[in-house]
Enquirer: 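Take a look at the following structure, please.
Lettering follows sequence order; numbering is per chain, from 1.
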Amino acid sequence: LTHARTHVNYEVKEDVAVIRMNDPNSKVNTLSVRMQNEMIEVFDEVLANDAVQSAVLISSKPGCFIAGADINMIQACNTSEEVTKLSQEGQKMFERIEKSPKPIVAAINGSCLGGGLEFAIACQYRVATKSKKTVLGTPEVMLGLLPGAGGTQRLPKMVGIPGAFDMMLTGRNIKADKAKKMGLVHQLVDPLGPGLKSPEERTIEYLEEVAIQCARGIVHKKISLTKKKGMMQKVQDYVMGIAFVRQQIYKNVNGKVMKMSKGLYPAPLKIIESVKTGLEQGPDSGYLAEAQNFGKLAMTSESHALIGLYHGQVACKKNRFGVPERPVKNLAILGAGLMGAGIAQVTVDKGIHTVLKDTTVEGLSRGQQQVYKGLNDKIKKKAITSFERDSTLSSLTGQLDYSGFEKADMVIEAVFEDINIKHRVIKEVEAVIPPHCIFATNTSALPIKDIAAASMRPEKVIGMHYFSPVDKMQLLEIITTDKTSKDTTASAVAVGLKQGKVIIVVGDGPGFYTTRCLAPMLAEAVRVLQEGVNPKKLDALTTGFGFPVGAATLADEVGIDVAAHVAEDLGKAFGSRFGGGNVDVLKTMVERGFKGRKSGKGCYVYTPGLKSKDVNPDIDDLLEKFKLTPNPSVSSDSDVQYRLVSRFVNEAVMCLQEGILNGPVEGDIGAVFGLGFPPCLGGPFRFVDTFGADKLVEKMRRYEEVYGNHFTPCQLLLDHAKDSNKRFHK
Amino acid sequence: MKWGQPLSLTLIVFSTATRSLSTSVQLHAQVQTKSKKTLAKPGVKNIVLVEGVRTPFLLSGTTYADLMPHDLARAALQGLLHKTSLPKDAVDYIIYGTVIQEVKTSNVAREASLGAGFSDKIPSHTVTMACISSNVAMTTGVGLITAGQCDTIVAGGVEFMSDVPIRHSRKMRKTMLALNRAKTLGQRLSLIGSIRMAHLTPELPAVAEFSTAETMGHSADRLAAAFGVTRLEQDEFALRSHTLAKQAQDAGLLSDVISFKVPGRDTVAKDNGIRPSSMEQLAKLKPAFIKPHGTVTAANSSFLTDGASAVLIMSEEKALAMGYKPKAYLRPAYGTPKVLARAGLTMDDIDVFEFHEAFAGQIMANLKALDSDWFAQTYMGRKAKVGAPAMEKFNLWGGSLSLGHPFGATGCRLVTTVAHRLLKEGGQYGLVAACAAGGQGHAMVIEAYPQ
């Protein structure tokens with residue numbers, strides 16, 4: 001039976017078979033069923049061909065070797081046994097590669113991740129380009145999975161036990177030169193510049209030529225596959241040979257994982273278990289453990305949640321509003337504070353000329369220094385060169401006046417959160433900018449339509465809510481009013497995407513989506529404090545539920561003054577439903593100078609240079625003044641957790657009900673990437689699906705009896721509670 | 001890194017792949033003309049090359065080892081004076097090019113001209129533009145004549161790789177400068193006490209280009225790979241260069257070389273880097289930069305060279321008035337890719353080509369680029385390729401690979417060689433092209449002076 005192969009093909013160059021992978025339907029190669037079947041077919045032919053002595057495995061796609069296994073293949077399975085079988089098929093295929101009598105050289109250019117990396121490390125030799133796009137890694141853990149095609153077994157042998165744990169437990173990307181140092185690849189090839197073909201095309205050809213030389217070198221014994229071990233390597237091997245040392249490592253790593261994950265993520269533990277089984281009980285048990293653990297993990301809610309977030313993130317990296325009429329080439333930012341400078345920092349290195357304007361030299365200098373430092377830190381991490389820093393900074397203009405604003409395509413204001421100041425600024429700016437220029441306002445709570453009220457052209461006004469610190473937080477919440485034009489939205493999304501953001505586009509209203517969800521949770525947190533739970537305990541309860549940052553710490557980070565402001569504003573807008581803790585607690589704190597981390601004191605006391613923090617001793621008598629008596633029927637640790645979370649989740653669902661949100665996917669992404677909603681739960685909507693709307697409503701009713709309308713479930717949540725077939729995610 | 005090894009390193013020869021190509025590649029004529037009339041234009045002053053000389057180019061670390069850069073430049077200047085019998089006060093301006101500056105003689109043009117006995121009333125300045133530094137010295141001179149400020153210019157270039165400035169580390173320099181300002185013994189002792197072993201690590205001159213952090217050899221290897229230039233092609237070209245240079249040397253064609261009595265040493269009269277070898281021997285060398293699969297080796301790269309050059313450039317009127325018989329007209333188009341187009345010439349009209357050979361891989365890549373329609377369309381905005389120069393007209397007396405490449409001095413050698421070859425071979429037009437670090441280039445059309 002012959003059929004045309006579409007994904008894998010090969011060409012025999014004298015004595016070397018060059019196997020080329022290219023998925024015709026995608027920008028990246030994945031180890032799909034089709035790819036695997038054709039690969040096995042080709043491999044059989046190569047083995048059977050007497051003229052061939054060795055092979056080179058290469059991708060024809062610029063920028064991608066193999067990006068990983070096909071997630072859909074795993075999601076299509078209904079039982080863990082099916083997934084285990086998938087894993088075993090992969091293991092079998094790579095075992096054949098590993099034991100191939102004809103040496104196979106993996107020629108890597110671009111992403112070599114997950115199953116792609118497992119494929120490459122099964123080959124006898126690896127050559128990689130030094131291209132910026134070349135990254136190697138095992139990101140399975142971020143999807144709640146483990147490297148299920150031999151990765152947990154081969155990596156410890158290749159890069160050592162600590163190195164392998166580091167790779168598999170963090171899932172981080174490794175660049176080519178680091179990979180060479182670690183022993184993950186044998187040889188590096190420089191990417192080429194312009195020549196007789198496009199640089200990308202010629203670089204792949206060159207990589208192939210070098211890989212062919214290597215393949216021949218191995219056959220002719222000019223290249224040895226057994227690497228000479230250095231002194232350090234010998235010592236390390238000896239130490240790792242001691243069972244006691246290995247046990248200590250497992251224990252140690254296990255402890256670290258438990259501390260960081262609070263036991264909420266099963267994948268890291270299964271990775272440790274699989275590695276341990278292989279090392280302590282031999283490869284047969286090891287491979288079996290890997291396959292079975294892979295099967296188990298694929299069926300966990302955590303993995304479903306993380307995979308959901310992955311898909312959501314991909315969706316939120318697209319512009320559903322189309323291509324804007326004119327690209328933003330000149331961007332002006334008003335206010336060089338943390339936010340403004342942060343926005344400049346993520347803009348200036350994207351080929352956009354950026355103006356940073358402030359009202360004082362001191363403020364401007366601080367902002368410019370922030371941008372400089374951001375770039376300089378990248379040099380230290382070897383992400384850019386000092387020359388690239390300099391040429392990037394040449395696109396940044398710091399100034400105190402409005403000169404050059406006549407050329408601006410977009411202005412983002414990041415001035416103080418005061419409607420009067422915002423109104424003054426919008427008038428000043430509109431007097432100098434060209435007609436096509438978009439005015440974006442960076443606010444966390446003020447309704448955009450209120451700000452736009454001062455504008456002569458509300459169709460050009462839009463909200464762009466960045467999260468602090470801008471260079472670290474991935475989310476951008478874009479807010480449109482009824483009057484905002486589609487092109488304005490398209491343009492704002494395009495800028496955000498350029499800045500590397502994950503974007504949700506939401507409707508206008510007090511607190512939009514993110515702040516609105518956060519406010520009731522913080523109100524509840526204040527009540528919990530008033531009921532005598534101390535900040536450390538409150539933090540432990542929230543992080544124990546999966547929030548990366550505890551509620552008390554979060555309040556300090558956001559700023560107690562901001563929290564007070566938001567609580568008051570949104571309290572006015574939404575009425576008693578947003579009550580809970582007494583706003584005066586926050587106000588009194590602000591009065592006494594406890595504004596959170598920025599003022600050195602909040603719920604905690606912050607000492608510069610010190611990582612650990614103690615509870616602010618002055619807060620005790622303050623809370624004593626506002627003390628509430630807890631009701632024991634709703635005050636167990638678990639109840640406190642669900643009181644906090646249910647208010648968050650209910651508000652999120654209400655945002656969907658009211659049309660503030662476009663859909664549950666954006667709701668989940670916004671909550672996880674902007675507010676740190678537990679990733680293992682996948683966001684408020686997936687949480688409702690997994691936990692059960694009926695169970696959540698039942699809890700809320702119980703809290704409602706004690707606290708009233710703060711816990712009244714919204715209609716959409718009730719609908720879902722009534723009909724268990726109703727789900728936010730299919 | 002060993003500076004003594006002549007072939008191991010080439011400092012600043014040409015730029016990153018992309019940018020260097022713009023140089024020698026974009027030579028083209030839009031007007032097809034076969035008529036070999038003069039390029040003189042009414043109203044534009046004719047500028048002529050009267051004479052050109054150079055010291056022998058020596059492998060660094062050999063006979064010149066104990067000199068200083070201005071000594072070499074001085075020798076070239078004195079050679080020029082001797083050959084032209086030019087009165088020392090008849091010069092209006094002296095310009096020198098150099099790349100690695102000796103800090104004691106940073107305006108090497110001044111030190112050399114004073115040392116060569118020129119009047120201290122003649123201004124002299126030094127220019128730098130990597131491997132086309134002496135080209136810039138010449139074009140600066142041409143500019144001064146065109147502008148009517150000068151009539152007689154001496155331009156030249158010098159490079160001295162036997163000694164290069166090696167600095168203390170930044171930390172050490174900072175400590176030493178602070179020590180200068182220290183007032184009390186206590187302050188001094190505490191500064192001295194702060195010196196650590198790491199402070200003592202010296203800083204060598206940049207081997208890598210500052211902006212790209214890539215060494216020239218590494219860049220050449222990537223460039224060769226981008227154009228698919230094989231190791232064999234590079235070795236063949238290197239062998240050709242050495243063979244032709246040897247023939248030219250033996251036949252006495254390298255008449256621009258003056259003999260130079262080196263103080264305390266012998267008189268040198270010949271370049272000493274010309275070493276015709278065999279393909280077998282060349283094939284034995286391991287790649288010098290990209291290991292293990294690179295193609296650029298010590299033998300197919302130009303070597304570290306000491307040497308100086310000088311030319312006498314005058315307005316035609318002045319030269320004739322002083323009784324000189326000019327060798328050629330200079331028609332420079334500094335860094336201009338369309339030098340031929342501007343002159344209204346095509347590749348076919350050129351009788352003599354002299355291209356700077358930094359690396360065999362680089363020159364072969366340049367030739368392939370000239371001959372590629374795809375390259376012309378993609379990177380030069382042209383409809384079709386320029387076409388590669390005919391090899392029977394190309395670098396026939398050897399080149400930088402074999403004669404040597406003192407960075408700052410090569411440009412004058414190229415120009416003088418074209419003039420001499422035009423005289424010898426009876427051609428009318430010559431073309432000089434050279435590339436330099438930082439993605440820069442220089443090209444010049446040279447027209448034979450009617451004899």
Enquirer: Check ring-ring contact (aromatic ring centres under 6.0 Å, His included) between H186(A) and all other residues, then give those that pass, not counting sequence neighbours.
Expert: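 Listed in chain order: Y125(A).
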Enquirer: For the side chain of R222(B) and the backbone of P191(A), is there at least one donor-acceptor N/O pair under 3.5 Å apart?
Expert: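 Such a contact is found between R222(B) side chain and P191(A) backbone.
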Enquirer: Distance check, rounded to the nearest 0.5 Å: F289(B) atom CZ versus D190(A) atom CG?
Expert: 13.0 Å
Enquirer: Identify the two heavy atoms, one from W374(B) and one from G195(A), that lie closest to each other, and give their separation to 0.1 Å.
Expert: CZ3-O, 3.2 Å
Enquirer: Among S198(A), P199(A), S391(A), who wins on heavy-atom pairs under 4.5 Å with chain B?
Expert: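 Winner by heavy-atom pair count: S198(A).
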Enquirer: Can you tell me if NZ on K133(A) sees more than 12 non-hydrogen neighbours from other groups inside 6.0 Å?
Expert: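 Open.
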Enquirer: Looking at H199(B), I'd like to know if its NE2 atom is crowded, meaning that more than 12 non-hydrogen atoms belonging to other residues, nucleotides or ligands lie closer than 6.0 Å.
Expert: yes
Enquirer: I need the residue from E205(A), E388(A), Q187(A) with the largest number of non-hydrogen atom pairs under 4.5 Å to chain B.
Expert: Q187(A)
Enquirer: Report which part of A213(B) has an atom under 4.5 Å of a heavy atom belonging to chain A: side chain, backbone, both, or neither.
Expert: neither
Enquirer: If you measure from OH on Y206(A) to NE2 on H293(B), what distance do you get to the nearest 0.5 Å?
Expert: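 Those atoms lie 4.0 Å apart.
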Enquirer: According to ring-ring contact (aromatic ring centres under 6.0 Å, His included), who are the partners of F43(A), at least two apart in sequence or on a separate chain?
Expert: none
Enquirer: List the residues meeting side-chain contact (heavy atoms from CB on, under 4.5 Å) with K102(A), not counting sequence neighbours, and say none if there are none.
Expert: L47(A), V52(A), S100(A)
Enquirer: So which of G294(B), G228(B), P292(B), A225(B) has the biggest tally of heavy-atom pairs under 4.5 Å with chain A?
Expert: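 Among G294(B), G228(B), P292(B), A225(B), the one with the most close pairs to chain A is A225(B).
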Enquirer: Specify the closest pair of heavy atoms between A226(B) and G193(A), including all atoms of both residues, with the distance to one decimal.
Expert: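 Looking at all heavy atoms of both residues, the shortest contact is CB-O, 3.6 Å.
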Enquirer: Residues of residues 208-222 of chain A under 4.5 Å from chain B (heavy atom pairs)?
Expert: V210(A), Q213(A)
